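Since the model is a prediction, treat every value here as computed from it, not as a measurement. Computed over heavy atoms, backbone and side chain alike; hydrogens, waters and symmetry mates excluded. Here is how names work: the chains are called A, B, and so on, in the same order as the sequence lines, proteins then strands, and each is numbered from 1.
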Amino acid sequence: MDYNIIKEILDKYWSGESTLAEEKQLKQFYAAHPQLPAELEQYRSHFDFLVDFKTKNTLDATFDQKWNQRVHQNEQTPSMPQNSIVRRLQPILSIAAIFVLFLGIAWFVQNIEEREAEAPAFVINNQEIKDPQKAYEITKSSLALISKKIKAGNKHIKHLKKFNQTSKMILKSKNNPL
Amino acid sequence: MNLEDFNNRVLPLKNKLFRFALSVVANKETAEDVVQDTFFKLWKKRESLGEILNLEAWSMRMVKNQCLDHFKSKFVQTKGGNPDPNQAGINVSPYKQTELNSAIANIQNLMAQLPEKQRMIFKLRDIEEYSYKEIADIMEVDISVVKVNLHRARKFIRQQLEKNEAYGL
């Protein structure tokens with residue numbers, strides 16, 4: 001090959017005006033000619049580097065394995081797949097969930113009311129009395145009985161008072177005979 | 001797009017993406033991680049990948065942004081960074097190998113001295129052989145910016161090579 005043509009292409013290359021085809025030609029030229037005149041030889045390392053960098057820096061099958069492993073691991077993690085039925089029904093399911101929640105609350109409230117209605121109003125002497133009026137009457141009569149008993153007790157306390165005064169008088173006269 | 005389609009369309013881009021990432025991060029393991037993360041991002045968007053006209057340019061752009069994010073997060077200084085010594089060398093005699101390694105290592109050092117944008121544009125053109133239009137798409141700049149940066153990068157390398165030749169290095 002005429003070295004002058006290569007020199008021309010080289011000049012175009014260094015000034016950034018060469019085409020991709022010409023650049024490829026330069027790489028092939030240097031690979032095919034191990035010995036060249038000094039003015040061309042001085043650029044050899046550059047073109048060797050371009051070819052060498054491309055051929056030496058590749059990713060092998062280990063990279064592919066790592067990649068496929070990563071994808072499979074990601075697929076196994078629980079995530080909602082795109083365009084699935086669940087995703088499409090999501091708005092309806094949300095409304096349904098709220099509806100179920102309200103139903104639950106309503107049932108709970110109603111259940112409490114029923115239990116309160118069923119529960120015995122009063123327990124007196126281990127007897128369940130549902131009628132509040134009857135329970136009131138029983139309580140009232142019980143309290144009246146207690147009151148009556150206390151009044152009866154008060155009558156006897158008067159005698160005790162008299163006895164107490166008399167015993168005090170006796171004690172006084174004994175200590176002071178004059 | 002299922003995994004099989006994805007592996008047929010996107011996975012073959014792995015080497016281009018890897019080399020591009022390597023040009024920026026200057027570390028093979030980090031570059032590989034960047035490509036894995038880019039693939040994963042693409043996989044998450046698999047439903048809309050069919051609408052993208054130039055998937056390759058789009059993927060390269062994602063790698064570029066991922067690399068820049070990596071630098072922002074790690075505060076890694078690449079200028080004058082450590083090129084991987086394993087990147088150099090081809091199957092020739094041990095003496096020639098040493099000579100070649102040293103010459104290629106020298107070019108790698110020159111690459112490392114280039115500003116990030118020039119280095120990226122240079123590698124997209126001279127290694128991956130993209131057109132100016134494609135590089136402009138990947139780098140998200142005008143074609144004129146691509147040409148200027150490429151010219152500056154090549155000019156710098158030429159000057160350094162001629163300087164080395166003059167000093168007999």
Handout entry: Between CZ on residue Phe40(B) and CG on residue Asn74(A), distance to nearest 0.5 Å
Key = 3.5 Å
Problem - Pairwise distance CD1(Ile104(B)) to CG(Asp52(A)) - rounded to 0.5 angstrom - result: 4.0 Å
Practice task
Say whether Trp14(A) and Leu124(B) are linked into one hydrophobic cluster, either directly or through other cluster members, by side-chain heavy-atom distances under 4.5 angstrom.
Solution key: yes
Exercise for the section: Could you tell me which of Asp37(B), Leu17(B), Leu150(B) has the largest number of non-hydrogen atom pairs under 4.5 Å with chain A? Expected result: Asp37(B)
Practice task
Name the region of Glu23(A), side chain, backbone, both or neither, that has any atom closer than 4.5 Å to a heavy atom of chain B.
Solution key: side chain
Handout entry: Co-membership, hydrophobic cluster, residues Val51(A) and Leu36(A), 4.5 Å side-chain
Key = no
Exercise for the section: Mind ranking Asn106(B), Leu3(B), Asn15(B), Asn7(B) by heavy-atom pairs under 4.5 Å with chain A and telling me who comes out on top? Expected result: Asn15(B)
Tabulate below the donor-acceptor pairs under 3.5 Å that side-chain atoms of residues 144-151 of chain A make, not counting sequence neighbours, or state none.
none

Practice task
Give, as side chain, backbone, both or neither, the part of Tyr13(A) having an atom under 4.5 angstrom from any heavy atom of chain B.
Solution key: both
Problem - Between Glu32(B), Lys147(B), Lys155(B), the one whose heavy-atom pairs under 4.5 Å with chain A are most numerous - result: Glu32(B)
Fill in the blank from the handout: Heavy-atom closest pair (Val35(B) atom, Leu59(A) atom, distance to 0.1 Å) is CG1-CD1, 4.4 Å
Problem - Neighbour count >12 (heavy atoms, 6.0 Å) for atom CZ, Arg61(B) - result: yes
Problem - Gap between atom CZ of Arg158(B) and atom OG of Ser15(A) - 0.5 Å precision - result: 8.0 Å
Problem - Student check: side-chain heavy atoms of Leu50(A) and Phe122(B) closer than 4.5 Å - result: yes
Completion exercise
For residues 60-71 of chain A against chain B, heavy atoms under 4.5 Å, the residues are Asp60(A), Phe63(A), Asp64(A), Lys66(A), Trp67(A), Asn68(A), Arg70(A), Val71(A)
Handout entry: Same cluster (ILVMFWY, side-chain, under 4.5 Å), Leu68(B) and Val25(B)
Key = no
Exercise for the section: Treat each ILVMFWY residue as a node, draw an edge where side-chain heavy atoms are under 4.5 Å apart, and state whether Trp58(B) and Val141(B) are in one component. Expected result: yes
Problem - NZ-NZ distance between Lys123(B) and Lys54(A), expressed to the nearest 0.5 angstrom - result: 13.0 Å
Handout entry: Member of Asp126(B), Leu110(B), Ile157(B), Ile107(B) meeting the side-chain contact (heavy atoms from CB on, under 4.5 Å) criterion with Phe49(A)
Key = Ile107(B)
Handout entry: Tyr132(B) OH to Leu20(A) CG distance, which is reported to the nearest 0.5 Å
Key = 7.5 Å
Completion exercise
Max heavy-atom pairs within cutoff under 4.5 Å with chain A, candidates Leu161(B), Val148(B), Ile127(B), goes to Ile127(B)
Handout entry: Option in His151(B), Arg125(B), Met111(B), Glu162(B) with maximal non-hydrogen atom pairs under 4.5 Å from chain A
Key = Arg125(B)
Practice task
Determine whether more than 12 heavy atoms belonging to other residues, nucleotides or ligands lie under 6.0 Å from atom CD of Glu4(B).
Solution key: no
Handout entry: ILVMFWY cluster, Val109(A) and Leu101(A) together (side-chain gap under 4.5 Å)
Key = yes
Practice task
Let me see the working for Lys28(B) and Asn57(A) under side-chain contact (heavy atoms from CB on, under 4.5 Å), right down to the final yes or no.
Solution key: CA-CA 9 Å; Lys28(B) 283 190 172 182; Asn57(A) 293 302; 3.2 Å; yes
Fill in the blank from the handout: Note: Ser18(A) and Arg154(B) closest approach over all heavy atoms is OG-NH1, 3.6 Å
Problem - Geometric cation-pi criterion, Arg19(B) with Phe53(A): 6.0 Å, 45° - result: no
